[in-house]
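Okay, so here's the structure we're looking at.
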Amino acid sequence: IIELMQDDLNKIWIGTANGLTIYDPDNKEHPFTTTRRNENTLSTKKGNDTYSTLSNNYINAIVQGENYYWIGTASGLNRYDSTTKTFKYYFTQDGLPNNNIYEIIIDNSNNLWISTNRGICKYNIDKNKFISYDQHDGLQGLEFNNGASYISLAGEIFFGGVNGLNSFYPQNMNDNNYIPN
């Protein structure tokens with residue numbers, strides 16, 4: 001087991017190196033009935049399509065958002081819609097700095113902050129836009145670690161990496177819209 005997350009419905013999401021299992025304590029007959037596992041360990045599926053399986057079986061991060069569950073894998077970010085029971089994938093060609101997702105945090109403005117093997121990125125869900133940050137933006141390094149993230153009650157986000165710790169307040173991160181000649 002790499003990741004555990006309890007959702008608002010009291011279900012336990014279990015991320016492993018072999019897929020995702022959801023434990024429902026209210027289902028006495030079959031508490032482990034929902035497993036979403038990709039038989040192809042490195043999916044080549046792309047685009048705006050939705051799928052019935054994960055993009056990759058190695059689960060590093062699971063968070064519950066307002067409308068979806070977000071799952072970080074060793075090959076892509078997965079958005080799970082529990083109503084339709086489908087996944088949508090996000091990869092580097094969609095704007096991620098790297099496909100290996102270590103951690104995901106949702107800030108107070110409903111943005112995803114994602115640590116990867118190539119820095120951190122912010123995903124604005126409403127605008128479907130990724131913004132990447134690297135060492136030029138003050139990160140301790142490009143590579144981060146599993147299980148090394150936290151958001152404080154004040155909204156400060158922490159990500160731990162191979163060279164130390166980064167902390168920031170998302171609302172203080174300003175985009176540089178200046179395009180030089």
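Everything numeric here is computed off the predicted structure, so don't read it as measured data. We're numbering straight along the sequence, starting at 1.
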| task | Report whether Ile59 and Tyr51 are members of the same hydrophobic cluster (ILVMFWY, side-chain heavy atoms less than 4.5 Å apart, transitive linking). | result | yes
| request: For Thr86, check side chain to side chain donor-acceptor pair (under 3.5 Å) against everything at least two apart and list the hits. | output: Thr84
| remark: What one should report as the nearest heavy-atom pair of Ile105 and Ser149 is CD1-CB, 3.7 Å
| query | Judged by modelled atom types alone, do Ser75 and Asn99 share a side-chain donor-acceptor pair under 3.5 Å? | reply | no
| Within the side chain of Lys11, is there an N or O that forms a donor-acceptor pair under 3.5 Å with the backbone of Asp8? | no
| Test log, rule ring pair (Phe, Tyr, Trp, His ring centres under 6.0 Å), inputs Tyr80 and Phe87 | CA-CA 5 Å; Tyr80 179 66; Phe87 293 89; 4.7 Å; yes
| message | For Glu66, is the CD atom crowded, meaning more than 12 foreign heavy atoms sit under 6.0 Å from it? | response | no
| After noting the C-alpha distance and the side-chain angles of Leu54 and Ile71, does the key distance pass the side-chain contact (heavy atoms from CB on, under 4.5 Å) rule? | CA-CA 9 Å; Leu54 292 156; Ile71 301 158; 4.1 Å; yes
| query | Closest heavy-atom contact between Asp137 and Ser132? | reply | OD2-O, 4.1 Å
| Spatial distance of atom OG (Ser152) from atom OH (Tyr169) [nearest 0.5 Å] | 5.5 Å
| said: Going by the rule ring pair (Phe, Tyr, Trp, His ring centres under 6.0 Å), which residues pair with Tyr69 if we only count those two or more places apart in sequence or in a different chain? | reply: Trp13
| query | Looking at residues at least two apart in the chain, or sitting in another chain, which of them share a side chain to side chain contact (heavy atoms under 4.5 Å, CB included) with Asn117? | reply | Asn98, Asn100, Tyr102, Glu143
| query | Given the rule that I, L, V, M, F, W and Y join up when any side-chain heavy atoms are under 4.5 Å apart, are Ile131 and Phe159 in one cluster? | reply | yes
| Taking ILVMFWY side chains as joined if any heavy atoms are under 4.5 angstrom apart, and letting links pass through other members, which residues group with Ile2? | Tyr58
| How is the hydrophobic cluster of Phe158 composed, in terms of its other members, when Ile, Leu, Val, Met, Phe, Trp and Tyr link through side-chain heavy atoms under 4.5 Å apart, directly or indirectly? | Tyr150, Leu165
| Apart from Tyr68 itself, what residues make up its hydrophobic cluster when side-chain heavy atoms of I, L, V, M, F, W and Y under 4.5 Å apart count as a link, directly or indirectly? | Val63, Trp70, Leu77, Tyr90, Leu96, Ile101, Ile104, Ile106, Leu112, Ile114, Tyr123, Ile125, Phe130
| task | Answer with yes or no whether the hydrophobic clustering places Leu142 together with Phe91; edges join I, L, V, M, F, W, Y residues whose side-chain heavy atoms lie under 4.5 Å apart. | result | no
| said: Holding to side chain to side chain contact (heavy atoms under 4.5 Å, CB included), I want the full list of residues that pass it with Asp26, two or more places apart in sequence or in another chain. | reply: Asp24
| Are any side-chain N or O atoms of Asn145 and backbone N or O atoms of Ala148, one a donor and one an acceptor, separated by less than 3.5 Å? | no
| query | Which heavy atom in Ile157 sits nearest to a heavy atom in Pro170, and how many Å separate them? | reply | CD1-CG, 3.4 Å
| said: Rounded to the nearest 0.5 Å, what separates atom CD in Gln64 from atom CE in Met5? | reply: 5.5 Å
| request: Consider only side-chain N and O atoms of Asn60 and Asn146, and report whether a donor and an acceptor are under 3.5 Å apart. | output: yes
| Are any of the side-chain heavy atoms of Asn57 and Thr73 separated by less than 4.5 Å? | no
| Distance-only polar pair, side chains of Glu156 and Ser167, donor-acceptor under 3.5 Å | yes
| Main-chain N/O of Asn163 paired with Gln140 side-chain donor or acceptor, under 3.5 Å | yes
| remark: Rounding to 0.5 Å, atoms OG1 (Thr53) and CG (Leu20) come to a distance of 11.5 Å
| query | Are Phe32 and Leu4 joined in one hydrophobic group, where the rule is that I, L, V, M, F, W and Y side chains link up if heavy atoms are under 4.5 Å apart? | reply | yes
| task | May I ask whether Ile1 and Tyr23 are part of the same hydrophobic cluster, defined by side-chain heavy atoms of I, L, V, M, F, W, Y residues being less than 4.5 angstrom apart, directly or through others? | result | yes
| field | Nearest-0.5 Å distance that lies between atom CG in Asn110 and atom CG in Asn67 | value | 7.5 Å
| side chain to side chain donor-acceptor pair (under 3.5 Å) with Gln135: which residues, sequence neighbours excluded? | none
| query | Would Phe168 and Trp113 count as a ring pair (Phe, Tyr, Trp, His ring centres under 6.0 Å) if you check the C-alpha gap in whole Å, the side-chain angles of each, and the deciding distance to 0.1 Å? | reply | CA-CA 11 Å; Phe168 58 92; Trp113 289 88; 4.9 Å; yes
| Of all residues at least two apart in sequence or in a different chain, which pass the side chain to side chain contact (heavy atoms under 4.5 Å, CB included) check with Lys127? | Asn124, Lys129
| said: Applying side chain to side chain donor-acceptor pair (under 3.5 Å), can you list everything that pairs with Asn172, at least two apart in sequence or on another chain? | reply: none
| If you look at every heavy atom in Tyr89 and Ser55, which pair is closest and at what distance? | CE2-N, 3.4 Å
| request: Could you tell me whether a side-chain N or O of Glu103 sits under 3.5 Å from a main-chain N or O of Gly147, the two making a donor and an acceptor? | output: yes
| note | Asn111 meets the side chain to side chain donor-acceptor pair (under 3.5 Å) criterion, sequence neighbours left out, with Asp107
| field | Interatomic distance, Ser52 atom OG to Lys85 atom NZ [nearest 0.5 angstrom] | value | 12.5 Å
| task | List, by chain and then residue number, the residues other than Leu153 in its hydrophobic cluster (Ile/Leu/Val/Met/Phe/Trp/Tyr, side-chain heavy atoms under 4.5 Å); write none if there are no others. | result | none
